[in-house]
Every structure is written in C-alpha cells, then in structure tokens.
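Values reported hereafter were calculated over all heavy atoms of this structure, with side chains retained and with hydrogens, waters and symmetry mates removed. Both ligands and their constituent atoms are indexed starting at 1 by order of listing.
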Amino acid sequence: MHRTLIFLALPIVAQAASFTPDVSLLTDLPQFQIQNLDKLTLRSVLKTINDKRLKGTTFYFGSTLADPSVAPQNAAWTSARFEDTFNLAVAENNCKWFSNEPAEGVFNLTACAELRNFAFQRGIAFRGLWHNQRPDWLANNPLNFTVSQLNKTIIPNAVQSVIEGLGKNLVSWDVVNEALTDSATPGMSVTECVVNASRWPNFAVDGDASSPVLFPDASFLNTAFLNADKARKKIGSNLQLFYNDYNGYGGNFPSQAKTDCAFNMLAQLKRSGVPVDGMGIQSHYSANPGAFPSKESAHFTMDRLKSLGLMGAITEMDCWLPDNTTESLRWQASIFGDLLDSCLFSSNCNEFILWDPRDDESWLNGFNTTGVHMGTLFDSSGNRKLPYFEVLARLLNFAQGGAEPCSTSSGTSACIV
Ligand SMILES: *[C@@H]1O[C@H](CO)[C@@H](O)[C@H](O)[C@H]1NC(C)=O
Ligand SMILES: *[C@@H]1O[C@H](CO)[C@@H](O)[C@H](O)[C@H]1NC(C)=O
Ligand SMILES: *[C@@H]1O[C@H](CO)[C@@H](O)[C@H](O)[C@H]1NC(C)=O
Ligand SMILES: *[C@@H]1O[C@H](CO)[C@@H](O)[C@H](O)[C@H]1NC(C)=O
Ligand SMILES: *[C@@H]1O[C@H](CO)[C@@H](O)[C@H](O)[C@H]1NC(C)=O
Ligand SMILES: *[C@@H]1O[C@H](CO)[C@@H](O)[C@H](O)[C@H]1NC(C)=O
C-alpha cells in the first residue's frame, strides 16, 4: 500500500523541542472559548464564509481522503467528517499515476472515481493529483521510451485521460508535483532547477543522476499543463491547474533558492503562454524552531504568486509534534492558525488542505522516530484537538469580518502581521 509521500524534506527533529514559544491563541479569548466553539460545525462556518462571498469565490477547507481499505475501522467517522468538517477532498493515493494507468495505455479510474463520488455524494469539492508516483511499466524506463514517446504520447495521454475521465466538476488539479531540486543554488536556471532534481522523466531512475538521461530539459511541464488545459476545455471544466511542491516559502523558510526556482519556473511557463493557474504549497511542518514558515513569510509567498497572476493554495498541511505537552499543542495550534490566516486573508488563496484527517491515519506515524507526531487536527480516536478549535476560531473570526490576528507562532513578541 503506497500510503506515504515520497521526496519530502521534512525537517523532523526527534528530540523534545529545545524552545517552545509563548503563543497567543484566539481560543484564549472569551468570544472564542472552546465551550462555545464546541456547538458549531466547521462546515457551518465555511458555509457562512461562502454564503457571504467573503472570498469572492468558494473557500475550501479540505483533507486527503484515503482508500476505504486503509482504515475501515474509521469509515463512519470519515463519512461524518466529510459532511460536517471538510468541504473538499483530495485523493491520498487513488488518483496517482500508478493507480490510474496500471498498464501502458490502459486506464482504470475506478479507484479514483470512487473517492470523487464519495465527495460529490456529500456535496463537496474534489481536487485531483497527478503525482510522480509512477506505475511499474514506467518506473526506471523498462520499455526504453524515447523523449518523443514520453513527450508526445505517454504524458499527454495520462494527463488527458484522467482529467477527461473524471469529468467537469473537479475544482483543481495538481498537474505536476515536486519537479524541483532540493539542492538549488542561487542563480540556477529553470532547466538546472528541474534537471538537478535527478528525477524521472529527466533521468530513468529517480534520484540517480548516473542513470540514463531520458528527457533533456524542463519542457515536460509545458506538455503536462498544455494537455491538462486541452482536456479541461474539451469537457468544459473550470478546473484550476496547479504546480505543487514543498519548501515553497522564501523569506525565512527554508530554501530561498528553491523558492526562486519555483517562481522562475512559473514565470517562464506564464511567459511561454502555458496555462498554469497556481502553486500548491505543500505544508509538512514540525513544531520546532525553523521547521515551519512564519505568517509573514507565508504572506510574502502569496503576494509573490499574486504578482505573477497566480493562485496559491496551502496543501498537505500537517505539523509534527516532538512531545505531548500543552505548550507543544498550543504551538501546533498557532502554526495551523497562522497558516490558515495567511490563506484566508490573501485574495489569491481559496484552498487550505490537510494531509490526513486524523492522527492514527497520518503518514507521520509511519516514521520510525521516537516522538509523539500527533500532526493532524484530530487525535487517534478521532477527537477534536486544540489545533482543531483554533482553526475553527480563525475561520469564525474571518466569517465575522474580524481583522487578521497577529502572527503568533514565532512567539507573541513577534506580532508583526
Ligand atoms: C480497476 O480498478 C478497480 C479498483 O482498483 C479494480 O477492482 C478493477 O478490477 C480494475 N479493473 C480492471 C479491468 O483491471
Ligand atoms: C532497454 O535498454 C536496456 C539497456 O540498453 C536493455 O538492457 C533492455 O533490454 C531494453 N529493454 C527493452 C524492453 O528493450
Ligand atoms: C546539481 O547541482 C549541484 C550544485 O551545482 C551539482 O554539483 C550537481 O552536479 C548537479 N546535479 C545534476 C544532476 O545536475
Ligand atoms: C515537449 O513538448 C513541448 C510541447 O508540449 C515542447 O514545447 C517541447 O519542446 C518538447 N520537448 C522536447 C524535449 O521535445
Ligand atoms: C497526550 O496527552 C493526553 C493527556 O494526557 C493523553 O490523553 C493522550 O493520550 C496523549 N497522546 C499521546 C499520543 O501520547
Ligand atoms: C523502530 O525503532 C525502534 C527503536 O529504535 C526499533 O526498536 C524498532 O525495531 C524500529 N522498527 C522498525 C520497523 O524499524
């Protein structure tokens, strides 16, 4: 079972936090106290935001949705949360390439469509994912495909078949995921930023720059987006086309050079007339100094995307905890809250998506580290945690027309926004 993501540079620190900042939470205030929030569902607050058109368009607060076989014991809980909490679902693995095209030219969208149907039956949105987790027939280039085959047949067919096959009512799609190198250095060209990642389709074997070169440059991105656009037009869909990657924040988080790669790449795509609508900012963090972006940094990134005419989306959000203290949970709540605010209060961000709805299903628990993890909003029994209530309070504040709360996840002394 492919349950985990690959290629994540998650700054996990296994020891207890050496420093836990004093944070202020909305849930500390009388008007947002948990006993009152307890009476609201998150979906009802989303409904207020969307009924009032406070974001101009629909705002989505979503989560990954796993294949039902992953956690059958949680089926009733999952069904309920996609009714009262989330208004968007993204398939955890069932819509990835290995699932959609098990043999060359043979598409099987059944598993993906089942999750889409699960979402549509609950009246909520569905986001698609074209990940670099490839089917076996493509891994390591066993059939020795040429550039021309990849660029003219294999990538176009995969993108078009899935988008057309799933139909017009999808809200957004991660067309390409994780194409950029983690070893970016200042001034790298877009081609270098992509080829330097040493991943398929540039190299036959992911991570092995000594494996055969399959694709000489970054133009497979053009191919993927151009074909996604063709497919959405063909079926009359308003699907938003995203590039999705991690370490996407500049400023103080973690790799300015990688962020520059992303912006240069997106700008180049736009200049070439390639239809890209936004960037999904993967948000796998940990409550440790330097292991998450500040709210200012997140806003800076949203503004930078806006200057390119692009949407931003917070995707794959979770936040690993080094211990189970109240201080750590408060810190986690402030990190979720600040990031959510950065999306709510940016005109070009309409999607905030969690990676895994509850702790016992979280990929973080698969890491063999000592530590507590607890990276999601719901505990391993499905109970709402402090970060859940803080997120609800931030949404409620926005729904009520409140001002943007201060940045607090770096400590209350850094109240900058
Ligand atoms: C398509 O996928 C579904 C779900 O994974 C599976 O049950 C079915 O057997 C597959 N169909 C074919 C023709 O392989
Ligand atoms: C692909 O190329 C490799 C290396 O040249 C060769 O060993 C292999 O037999 C080829 N595979 C096919 C299916 O032609
Ligand atoms: C990636 O960039 C580094 C630093 O410039 C360089 O040493 C390395 O050879 C490059 N790797 C590839 C595959 O281009
Ligand atoms: C791949 O196709 C795109 C158009 O989809 C084209 O711009 C690009 O030059 C092609 N790349 C290669 C290496 O052939
Ligand atoms: C965290 O602490 C709470 C309160 O003591 C406890 O109920 C819970 O089981 C702990 N969770 C973990 C994952 O250790
Ligand atoms: C996980 O780590 C613990 C402690 O180091 C070790 O005893 C255990 O064998 C490890 N489990 C796996 C599956 O690697």
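- Close contacts of ligand 1 with Asn108, meaning ligand atoms under 4.0 Å from a residue heavy atom, involve 1 (C), 2 (O), 3 (C), 8 (C), 10 (C), 11 (N), 12 (C), 14 (O).
- Using bins of under 30°, 30° to 60° and over 60° for the plane-to-plane angle, the ring pair Phe378/Tyr388 lands in the tilted bin.
- The shortest contact between atom 5 (O) of ligand 1 and any protein heavy atom is with Ala111 CB, 4.1 Å.
- Within 4.0 Å of atom 13 (C) of ligand 1, not a single protein heavy atom is present.
- For Arg330 and Asp22, the salt-bridge test fails: no basic side-chain N is under 4.0 Å from an acidic carboxylate O.
- Protein heavy atoms are found inside the 4.0 Å sphere centred on atom 2 (O) of ligand 5.
- Residue contacts with ligand 5 for Met374 involve side-chain atoms from C-beta outward but no N, CA, C or O (heavy atoms, distance under 4.0 Å).
- With hydrogens left out, the protein atom closest to atom 6 (C) of ligand 2 is Asn144 ND2, 4.2 Å, a heavy atom.
- Atoms of ligand 2 found under 4.0 Å from any heavy atom of Pro142, numbered from 1 in the order shown, are 11 (N), 12 (C), 13 (C).
- Within the cation-pi definition used here (under 6.0 Å to the ring centroid, within 45° of the axis), Arg394 does not qualify as a partner of Phe398.
- Between Glu404 and Lys295 there is a salt bridge, with a side-chain nitrogen of the basic residue lying less than 4.0 Å from a carboxylate oxygen of the acidic one.
- For the pair Arg127 and Phe242, the cation-pi criterion (under 6.0 Å, within 45° of the ring axis) is fulfilled.
- Contact between Pro212 and ligand 2 is absent, with no heavy atom of the residue lying under 4.0 Å from the ligand.
- With contacts defined as side-chain heavy-atom distances shorter than 4.5 Å, the pair Gln240/Asn350 does not qualify.
- The closest non-hydrogen atom to atom 8 (C) of ligand 5, taken over Asp359, Asn324, Leu321, Leu329, comes from Asn324.
- Using cut-offs of 30° and 60° for the angle between ring planes, the Phe120 and Phe126 rings count as perpendicular.
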